[in-house]
Number of protein chains: 2
Amino acid sequence: MTIKNAKDQIIAAATKEFLASGFDGARMQAIADKAGANKALLHYYFDTKEKLYYIVLKAQFAGMIGTMLQIFGSDEEFEPWLRHLIKTILKEITSRPHFSRFMIWELSARNKQLPRLFKELLEERMQGIFLGKIQAKLTKAGAENYPAEQFLLNILSLCIYPGIARPLLEQVMGKEFFANKDFIAQREEEIFKLIKYGIIERTRGDQ
Amino acid sequence: MTIKNAKDQIIAAATKEFLASGFDGARMQAIADKAGANKALLHYYFDTKEKLYYIVLKAQFAGMIGTMLQIFGSDEEFEPWLRHLIKTILKEITSRPHFSRFMIWELSARNKQLPRLFKELLEERMQGIFLGKIQAKLTKAGAENYPAEQFLLNILSLCIYPGIARPLLEQVMGKEFFANKDFIAQREEEIFKLIKYGIIERTRGDQ
DNA sequence: ATTATCTTTAACTATATGGTTAAAAACAAC
DNA sequence: GTTGTTTTTAACCATATAGTTAAAGATAAT
């Protein structure tokens with residue numbers, strides 16, 4: 001592990017700045033400062049703000065897809081798989097709180113090309129096998145008639161939303177609730193049970 | 001219902017622009033155009049972009065709180081209340097897709113005063129009665145030991161997330177899934193069952 | 001040592017955009 | 001029709017910021 005060179009430092013700084021502030025809110029000067037470099041060097045390596053942004057964006061897309069593939073594609077039985085899935089997504093959200101928020105905001109607020117770029121990267125690495133894998137897990141659990149799409153929506157919603165809406169939710173439920181050391185563990189257990197009893201046990205053997 | 005005067009038209013236009021693009025992305029000229037007015041008039045009435053933004057923001061906060069109070073405070077039995085709750089939130093999200101996204105983004109990306117402003121408006125109209133009302137409903141349903149905070153998290157997550165993450169989710173699950181005429185009705189039924197079997201039936205009579 | 005690459009400095013340009021102004025015009029109220 | 005308010009016009013200013021440039025200096029590779 002060598003000391004990062006300037007190019008990598010700039011990318012790291014740009015990532016922080018773009019994720020926290022979006023394209024419009026990001027400042028090239030702030031990126032230079034964060035990277036311990038100067039504006040001239042940013043343009044020497046990356047030419048324009050847009051190009052730097054797309055490099056960051058692609059890396060984020062790719063990383064996200066990698067994580068998802070890893071999580072959803074594992075070989076376990078249903079219940080351990082589900083626990084693993086929930087734990088990993090929750091960990092991802094808490095360790096990088098800006099990321100999901102950024103994806104959601106930029107994909108709707110910015111131009112219409114972003115969703116397409118995302119889809120291209122998605123298809124490059126997993127040609128539609130995604131929902132299929134979930135369906136296979138559901139079958140293993142005896143809930144083969146439950147739609148994989150709804151399953152995915154439920155899991156992502158329950159795991160991601162509290163993390164991204166936290167500044168808002170803290171005002172309604174009190175900061176202490178989120179600050180609680182066991183919050184993540186409790187939430188993990190809660191989501192697991194919700195899925196287990198609300199989907200699997202409920203629909204087992206359905207036609 | 002008279003024809004709106006310019007001031008109201010400007011506020012309406014500003015609301016659209018700010019919700020869609022955030023403070024940084026919003027353009028005063030775009031607001032003027034949308035309102036069928038000119039920049040000079042914007043400043044004649046509202047002085048600065050910030051002031052106009054805070055007027056829009058306060059109205060949005062207030063509207064949101066009003067909706068939530070109305071929904072969560074109704075007098076029904078648990079199951080009709082739950083159905084009503086889910087239906088109303090889903091309707092709100094689909095009819096104003098930019099709103100939740102905007103709240104989440106701006107409350108984290110912009111300055112730290114916004115969450116406080118939100119909390120002040122919140123407390124003005126409902127001094128902590130919020131979680132209490134949910135707890136009362138849970139008691140009615142025989143699930144008095146289930147934490148109201150978790151209930152609120154689950155409901156909001158399941159109802160709101162798919163709406164705000166839609167541009168992203170469409171790429172994973174296909175546009176058709178969301179475009180389906182019955183998507184909302186299916187989702188409503190799905191969330192209802194998830195809560196009913198995953199929380200209420202599961203925890204009934206718990207210590 | 002020479003060379004090529006990386007990095008800094010510091011000035012600069014161009015542009016977008018928020019904000020201002022003053023006068024005129026349109027409109028409404030009385 | 002006089003008066004006060006609202007709205008337009010069209011110019012303008014100030015500032016922030018993306019982007020550029022050229023020269024010099026530092027660093028690494030050969």
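- Atom CG of A:D24 is separated from atom P of C:dA16 by 15 Å (rounded to the nearest Å).
- Between A:K140 and A:W81, every side-chain heavy-atom pair lies at or beyond the 4.5 Å cut-off.
- Residue B:D47 contributes atom CG, which lies 6 Å from atom P of C:dT20 at whole-angstrom precision.
- Closest-nucleotide positions on DNA chain C for B:F23 and A:G36 were compared, and the one nearer the 5' end corresponds to A:G36.
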Task: Steps toward side-chain hydrogen bond (donor to acceptor under 3.5 Å, both in side chains) verdict (B:E17, B:Y53) - done: CA-CA 10 Å; B:E17 176 79 0; B:Y53 176 73; over 6 Å; no
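- Under 4.0 angstrom from either OP1 or OP2 of C:dT7 there lies no side-chain N or O belonging to A:Y44.
- Of the listed nucleotides (C:dG18, C:dT8, D:dT8), D:dT8 has the atom at the smallest distance from the side chain of B:A40.
- The distance between atom CG of B:N38 and atom P of D:dT8, rounded to the nearest whole Å, is 5 Å.
- A:L41 places its CG atom 15 Å from the P atom of C:dT5, with the value rounded to the nearest Å.
- Formation of a donor-acceptor pair under 3.5 Å by the B:K49 side chain with backbone atoms of B:F23 is found in this model.
- Rounded to whole Å, atom P of C:dT17 lies 15 Å from atom CG of B:L42.
- Using a 4.5 Å heavy-atom cutoff, the side chains of B:Q60 and B:R96 are in contact.
- Put simply, B:H43 has a side-chain N or O that comes within less than 4.0 Å of OP1 or OP2 on C:dG19.
- Looking at heavy-atom distances under 4.0 Å, B:A26 makes contact with sugar-phosphate atoms alone, never a base.
- Between the A:K137 side chain and the A:L82 main chain, no donor and acceptor come within less than 3.5 Å of each other.
- A straight line from NZ of A:K39 to P of C:dT13 spans 14 Å, rounded to a whole angstrom.
- Put simply, NZ on B:K7 is 9 Å from P on D:dT6, counting in whole angstrom units.
- Put simply, B:R27 has no side-chain N or O that comes within less than 4.0 Å of OP1 or OP2 on C:dA16.
- One atom, CD1 of B:I10, and another, C1' of D:dT6, lie 11 Å apart when rounded to the nearest Å.
- Backbone-only contact: A:Y45 has heavy atoms under 4.0 Å from sugar-phosphate atoms and none from a base.
- In terms of polar N and O atoms assigned as donor or acceptor, the side chain of A:K49 never comes within less than 3.5 Å of the base of D:dG19 in a complementary pairing.
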